[in-house]
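Given the structure is predicted, the values throughout are model-derived calculations rather than measurements. Here is the naming used below: chain letters follow the sequence lines, and residue numbers restart at 1 for every chain.
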Number of protein chains: 2
Amino acid sequence: MAVTLADVAAHAKVSSATVSRVLSGNYPVSEATRARVLRAVNELDYVVNGPASALAAATSDLVGILVNDIADPFFGIIAGAVQSEIAGLPGGGGKLAVVCNTGGSPERELTYLTLLQRQRAAAVVVTGGAAEGAGHAAAVAAKLGRLTAAGTRVVLCGRPPLPHSGDGEPAVTTLAFDNRGGAQRLTEHLLALGHRRIGYVTGPPDRTTTRHRLEGHRAALAAAGLTEGSERLTVHGSFDRASGYDATLELLRREPGLTAVVAANDTIALGAFAALRDRGLRIPEDVSVAGFDDLPFSADAVPALTTVRLPLQDAGARAGRLAMDRETAPPGGVATIRAELMVRASTAPPR
Amino acid sequence: MAVTLADVAAHAKVSSATVSRVLSGNYPVSEATRARVLRAVNELDYVVNGPASALAAATSDLVGILVNDIADPFFGIIAGAVQSEIAGLPGGGGKLAVVCNTGGSPERELTYLTLLQRQRAAAVVVTGGAAEGAGHAAAVAAKLGRLTAAGTRVVLCGRPPLPHSGDGEPAVTTLAFDNRGGAQRLTEHLLALGHRRIGYVTGPPDRTTTRHRLEGHRAALAAAGLTEGSERLTVHGSFDRASGYDATLELLRREPGLTAVVAANDTIALGAFAALRDRGLRIPEDVSVAGFDDLPFSADAVPALTTVRLPLQDAGARAGRLAMDRETAPPGGVATIRAELMVRASTAPPR
DNA sequence: CTGTTAGCGCATTCAG
DNA sequence: CTGAATGCGCTAACAG
């Protein structure tokens, strides 16, 4: 079959232990034999057997990055940043950073976590909002606990911290986004412009991201004394454009006098744009629209989208460094990442 | 340390071989003992040691998906499709589909391929255009050859076939995009509208995607007798929005009388949109713009972008099935995927 | 149907 | 500095 350590050893006329040592480089070996071994490695085109090496050393160089939707730039940007921080080290860092697409399914998330645990992954970075259903949150927390117990470093990025498990420093480090605060400031902006009939288009109800952003939105409304009918002006769907389109139409049906639509993310906002246009409504003259995340395309929308900026790139990079233990964890293991309001052309005073 | 097969065996009062058999399920075991083993597994919270299992079985359940830029929806869509075809099987298929971000760097591509080879990956799907520089093409071809020789299934998706290595059925299956044909039809469309001064904004020169799309473009120009100055009207950059913006400005500098801009992909086209607008030019009244790929946001651009549609989702899913050996390879190992011209509002006759 | 027995390829003691 | 020997945890014959 494939060429093994022993083959290289024979070829270089040394013991397999020596070959192992020059390859891992963490042990003194004379320059002469090192060169001889290296030459043999090249001549034979030898590639280490990962499983065997992982088994013997009881560690692996796999690092998993879990995302909810790999086709969504929100996750693509975070994952890319995490990954370049890990694989971008001089020499590649020796780590294999891989991204796993859960599709937002809690079962798939658990499956991937188990698979990563099987592989004895060196670290796991879980990105994006979590499902809140039934036992899922607990199951995920338990699984992550087992991973850390087994020596895998766990970092949460863009996800709220796990329920505190008690004693001392938490084993998992969290970089949480200030979804609630960002959403609140966004709606305050609309309120300040004079809007009173504001629709809200969001994703699935049982996700932390959905809930937190909605809470921020409602907190702003409540502070302005607008507690009435906010339920009726909220439409749930999924975090994509098509859903934003449909939900906006539904909103218009429920409240034709709408003057503003707040979308739970930029992609949904794009769908809202299209729906409003198809209804012959101008943005922002007839209806203002706002998003969340500030993905790259948002500044290019026509009109440019008012939104809340999340430093996805920075957060991802930091999560990557945390996973590689190249940065010290924030006090308490949790850092909240600030969201910044970006006022652009898609919001204006109501007519 | 962690709980092992032997622990489970002891707990269930059977041999470790029996435990292994119920876990892998590919061997008859009595219902009674199977239940007992399963209970022991749960009680002890046992998780298979992946490396050990891979070592003993000489196979792994890892499937690698290589992409040039994970933050680009073009790759996100393909990767998502490949992945759901692999992990979406009933029971998860048992395979761990992971995506690796090469960042378009040939070195990183090779590094990942080696890492995957180390892990004895079950399959590798390489997506997107290839670097054409110096020895890279040969190095990648050689590496892929070694992977197939080691039993790893290799599928190319959206990448031209490897140079034929000779005898019989090629070991690597290729799903190539008809970049040349698509680009040619797109430029023919512009020509038919009456455009004669057409600028071309594209990515790095040493990539197959860049070259093939450019060749298609020039073939159309040549067929119309427009051989003059096409060099001057071509600006290279990278495949992103910022580059499209800058390159369009450069184009305008070189040829103020431009009536159309063809971008090598939709993202670049978005940059061109912004640049033209900033120069006070209307689309398509003053300048027509066209893209390539038909990413989701293209239909939402204002005006809607004329582009060439690539069935990314379908291609990715098919690549995934091919990688899992759930679909027979096309004759000759190579299938060319058709690109479809999508005429929308961003192109019109010149003034 | 179930238990026993060998390795899989490598990292690491432990001697030299 | 280098070689020989041991075992990581599991699967796959091979017997019973």
So do [Y] and [X] actually touch side chain to side chain, heavy atoms under 4.5 Å?
X      : Y      : result
B:L162 : B:L156 : yes
A:E109 : A:L113 : yes
B:I70  : B:V99  : yes

To the closest 0.5 Å, what do you measure between [atom1] ([X]) and [atom2] ([Y])?
X      : Y      : atom1 : atom2 : answer
B:I77  : B:D314 : CD1   : CG    : 11.5 Å
B:L110 : B:L115 : CG    : CG    : 11.0 Å
A:R118 : A:S60  : CZ    : OG    : 14.0 Å

message: Over all strands shown, is A:S24 touching base, sugar-phosphate only, or nothing at heavy-atom distances under 4.0 angstrom?
response: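 Contact class for A:S24: none.
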task: State plainly whether the residues A:E327 and A:R318 are in salt-bridge range, i.e. N to O under 4.0 Å.
output: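 Salt bridge flag = yes for A:R318 with A:E327.
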[N] [atom2] sits how many Å from [X] [atom1], rounded?
X      : N      : atom1 : atom2 : answer
B:Q119 : C:dG9  : CD    : C1'   : 13 Å
B:L55  : D:dT11 : CG    : P     : 11 Å
B:D61  : D:dC10 : CG    : P     : 14 Å
B:L5   : C:dT2  : CG    : C1'   : 15 Å
A:L23  : C:dA11 : CG    : P     : 7 Å
A:R120 : C:dA11 : CZ    : P     : 18 Å

Donor-acceptor pair between A:S105 and A:T102 side chains, under 3.5 angstrom: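 Per modelled atom types, A:S105 and A:T102 side chains form no pair under 3.5 Å.
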- request: Could you verify whether a donor N or O on one side chain and an acceptor N or O on the other, from B:T114 and B:T111, lie under 3.5 Å apart?
  value: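 Judged by distance alone, the side chains do not pair up.
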task: Examine D:dC1: is either OP1 or OP2 under 4.0 Å from a nitrogen or oxygen in the side chain of A:S30? Give yes or no.
output: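 It does not, given that no N or O in the side chain of A:S30 lies less than 4.0 Å from OP1 or OP2 of D:dC1.
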query: Under a 4.0 Å heavy-atom cut-off, which of residues 45-54 of chain B touch DNA chain D?
result: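 Within this stretch, B:Y46, B:N49, B:A52, B:S53 sit under 4.0 Å of the strand.
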Give every pair of a protein N or O atom and an N or O atom of nucleotides 3-7 of chain C that lie under 3.5 Å apart, one pair per line with the distance.
unit_1 : atom_1 : unit_2 : atom_2 : d
C:dG3  : OP2    : B:S15  : N      : 3.0
C:dG3  : OP2    : B:S15  : OG     : 3.3
C:dG3  : OP2    : B:T18  : OG1    : 2.8
C:dG3  : N7     : B:R21  : NH2    : 2.6
C:dG3  : O6     : B:R21  : NH1    : 3.2
C:dG3  : O6     : B:R21  : NH2    : 3.3

